[in-house]
Amino acid sequence: MNHLQSAVVPQLYLLTNDDEFERLYQKLEAALATGLVGLLQVRRKKTAALPDGTATLLAEAKQIVELARRYQVPVVINDDSALAAKLGVGVHLGQQDGKMVDAKRQISPDQIIGRTCHGQVALVKEAKQQGADYAAMGAVFASTTKPKADTISYQQLKEGCQQGIDICVIGGLSAENVGALAGLPIKYVAVVGDIMDLPIAQIAPRCQQWQQAFAKWHAAAGDVKV
Ligand SMILES: Cc1ncc(COP(=O)(O)OP(=O)(O)O)c(N)n1
Ligand SMILES: Cc1nc(C(=O)O)sc1CCOP(=O)(O)O
Ligand SMILES: [Mg+2]
């Protein structure tokens with residue numbers, strides 16, 4: 001592109017953590033009620049791994065989808081296209097989570113499909129070609145939620161942002177460190193720990209702090225050539 005970006009301000013993309021469900025629900029309600037969450041992902045790795053994981057995850061996800069609908073926030077299910085199709089919502093697929101073509105067949109065309117691309121621009125290009133709505137790049141910083149995730153470089157991210165597909169960043173992001181990406185044309189900033197690992201009373205104020213961090217994006221946009 002090689003021109004100055006000015007219009008793109010990211011949306012907050014909140015992912016669930018593995019909290020006990022009742023507590024998680026209260027945290028999600030606190031976050032969604034702020035009106036500052038643009039997209040919500042159901043990522044319940046511990047629930048999914050239970051012996052009755054499929055049924056429990058379905059019951060949890062149903063409640064989360066209903067809650068999010070009340071706040072008109074779109075939902076994405078991690079890993080599981082069949083569950084997403086059953087609930088009429090979107091899906092996020094890692095490289096090991098099945099083919100995009102199969103997900104595209106299952107998921108309603110008005111729902112979001114995201115694809116993990118790590119730091120690999122070739123995977124970003126592939127995600128675009130296969131019809132993903134966004135390509136997720138990360139980990140941007142070391143993540144306590146996913147300590148084994150490799151970190152990517154700023155250059156990889158910058159190149160990813162030039163591929164003509166919405167970019168989502170993920171991994172180790174906080175309302176304080178996200179400023180390092182300010183000005184890049186990023187569609188979604190995905191967050192787990194920096195919000196979800198806080199006590200319930202701190203969730204809404206933390207969402208506000210994220211909003212303040214995003215408000216600086218415009219000012220920084222003139223500094224970044226992509
Ligand atoms: C928005 C977003 N980006 C990346 C991931 C990671 O997906 P994946 O690589 O499949 O790893 P798990 O989340 O399944 O552990 C994601 N879930 N969401
Ligand atoms: C689920 C996930 N995927 C990652 C990747 O790099 O693909 S990093 C990550 C965890 C994100 O949690 P936190 O915001 O707490 O770091
Ligand atoms: Mg996955």
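In this chain, residues are counted from 1 in sequence order. As the structure lists them, so they are numbered: ligands from 1, and atoms in each ligand from 1. Heavy-atom basis, side chains included; hydrogens, waters and symmetry copies ignored. Here the structure is a predicted model, which means the values were calculated and not measured.
- His92 NE2, 3.3 Å is the protein heavy atom nearest to atom 5 (C) of ligand 1.
- Regarding atom 13 (O) of ligand 1, its nearest protein heavy-atom neighbour is Arg43 NE, 2.7 Å.
- Scanning all protein heavy atoms for the shortest distance to atom 11 (O) of ligand 1 gives Lys146 NZ, 2.7 Å.
- The two residues Met137 and Gly160 come nearest to each other via the heavy atoms SD-CA, 3.7 Å.
- At the top of the distance list for atom 7 (O) of ligand 2, counting protein heavy atoms only, stands Ile170 CG2, 4.0 Å.
- Nearest to the Mg ion (ligand 3), among the N, O or S atoms that Asp79 has, is OD1.
- Residue Tyr134 has at least one heavy-atom neighbour below 4.0 Å for each of these atoms of ligand 1: 1 (C).
- Of the protein's non-hydrogen atoms, Val192 N, 3.0 Å is the one closest to atom 14 (O) of ligand 2.
- Here the heavy atom of the protein found nearest to atom 9 (O) of ligand 1 is Thr116 OG1, 3.3 Å.
- The shortest contact between atom 14 (O) of ligand 1 and any protein heavy atom is with Lys45 NZ, 2.7 Å.
- Every atom of ligand 1 with a heavy atom of Asp79 under 4.0 Å away is listed here by number and element: 10 (O), 14 (O).
- Of all atoms in ligand 2, listed by their number and element, those nearer than 4.0 Å to a heavy atom of Arg43 are 1 (C).
- Close contacts between ligand 2 and Gly138 involve ligand atoms 6 (O) [criterion: under 4.0 Å to a heavy atom].
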Working for side chain to side chain contact (heavy atoms under 4.5 Å, CB included), residues Lys104 and Ile113:
CA-CA 8 Å; Lys104 295 284 282 183; Ile113 304 184; 3.7 Å; yes
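- Contact detail for Ile167 and Cys161: the closest heavy-atom pair is CG1-CA, 3.9 Å.
- Of the possible polar contacts, one joining the Gln163 side chain to the Glu159 backbone as a donor-acceptor pair under 3.5 Å is found.
- The closest approach between any non-hydrogen atom of Asp194 and ligand 2 is not below 4.0 Å.
- Numbered from 1 in the order shown, with element, the atoms of ligand 1 that lie under 4.0 Å from a heavy atom of Gln41 read 1 (C), 2 (C), 16 (C), 17 (N), 18 (N).
- Using a 4.5 Å cut-off between side-chain heavy atoms of Ile, Leu, Val, Met, Phe, Trp and Tyr, with links allowed through other members, Leu173 and Ile152 fall into the same hydrophobic cluster.
- Applying the 4.0 Å criterion to heavy atoms of Gly171 picks out, from ligand 2, the atoms 8 (S), 16 (O).
- Looking at Val191, Thr145, Thr116, Ile195, it is Thr145 that brings a heavy atom closest to atom 13 (P) of ligand 2.
- Side-chain contact between Leu40 and Leu15: absent, with no pair of heavy atoms (C-beta onward) separated by less than 4.5 Å.
- Both Val65 and Leu24 are part of a single hydrophobic cluster, where members link through side-chain heavy atoms under 4.5 Å apart.
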Does Val140 form a side chain to side chain contact (heavy atoms under 4.5 Å, CB included) with Leu181? I'd like the steps, not just the answer.
CA-CA 9 Å; Val140 177; Leu181 311 181; 4.1 Å; yes
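- Aromatic ring pairs are classed by plane angle as parallel below 30°, tilted from 30° to 60° and perpendicular above 60°; the pair Tyr188 and Tyr134 is perpendicular.
- By the criterion of side-chain heavy atoms lying less than 4.5 angstrom apart, applied directly or through intervening Ile, Leu, Val, Met, Phe, Trp or Tyr residues, Val75 is grouped together with Leu57 in one hydrophobic cluster.
- Ligand 1 places these atoms under 4.0 Å from at least one heavy atom of Ala136: 3 (N), 4 (C).
- Atom numbering of ligand 1 starts at 1 in the shown order; those under 4.0 Å from a heavy atom of Tyr13 are 1 (C).
- Inspection of the Gln209 and Arg206 side chains reveals an N or O donor paired with an N or O acceptor under 3.5 Å.
- Taking every non-hydrogen atom of Ala139 and a distance limit under 4.0 Å, the qualifying atoms of ligand 2 come out as 6 (O).
- Residue-level check: among N/O/S atoms of Asp97, OD2 sits closest to the Mg ion (ligand 3).
- Shown in contact with Asp97 at under 4.0 Å from a heavy atom are these atoms of ligand 1, numbered in order with element: 10 (O).
- Which of Lys146, Met196, Lys148 comes nearest to atom 9 (C) of ligand 2 through a heavy atom is settled by distance: it is Lys146.
- Within the structure, ligand 1 has Cys168 among the residues with a heavy atom less than 4.0 angstrom away.
- Contact between Gln95 and ligand 1 is absent, with no heavy atom of the residue lying under 4.0 Å from the ligand.
- If you run side chain to side chain contact (heavy atoms under 4.5 Å, CB included) between Val169 and each of Val178, Leu184, Leu157, only Leu157 comes through.
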Yes or no on side chain to side chain donor-acceptor pair (under 3.5 Å) for Gln41 and Tyr13, after CA distance, side-chain angles and deciding distance?
CA-CA 7 Å; Gln41 182 181 128; Tyr13 180 1; 2.8 Å; yes
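- The residue from Lys27, Lys46, Arg44 that alone fulfils the side-chain hydrogen bond (donor to acceptor under 3.5 Å, both in side chains) condition with Asp19 is Lys27.
- When the side chains of ILVMFWY residues are joined at heavy-atom separations under 4.5 Å, either directly or via intervening members, Leu32 and Phe214 end up in a single hydrophobic cluster.
- The nearest heavy-atom contact from the protein to atom 10 (C) of ligand 2 is Ser143 OG, 3.5 Å.
- Using a 4.0 Å cut-off to heavy atoms of Gly193, the atoms of ligand 2 that qualify are 13 (P), 14 (O), 15 (O).
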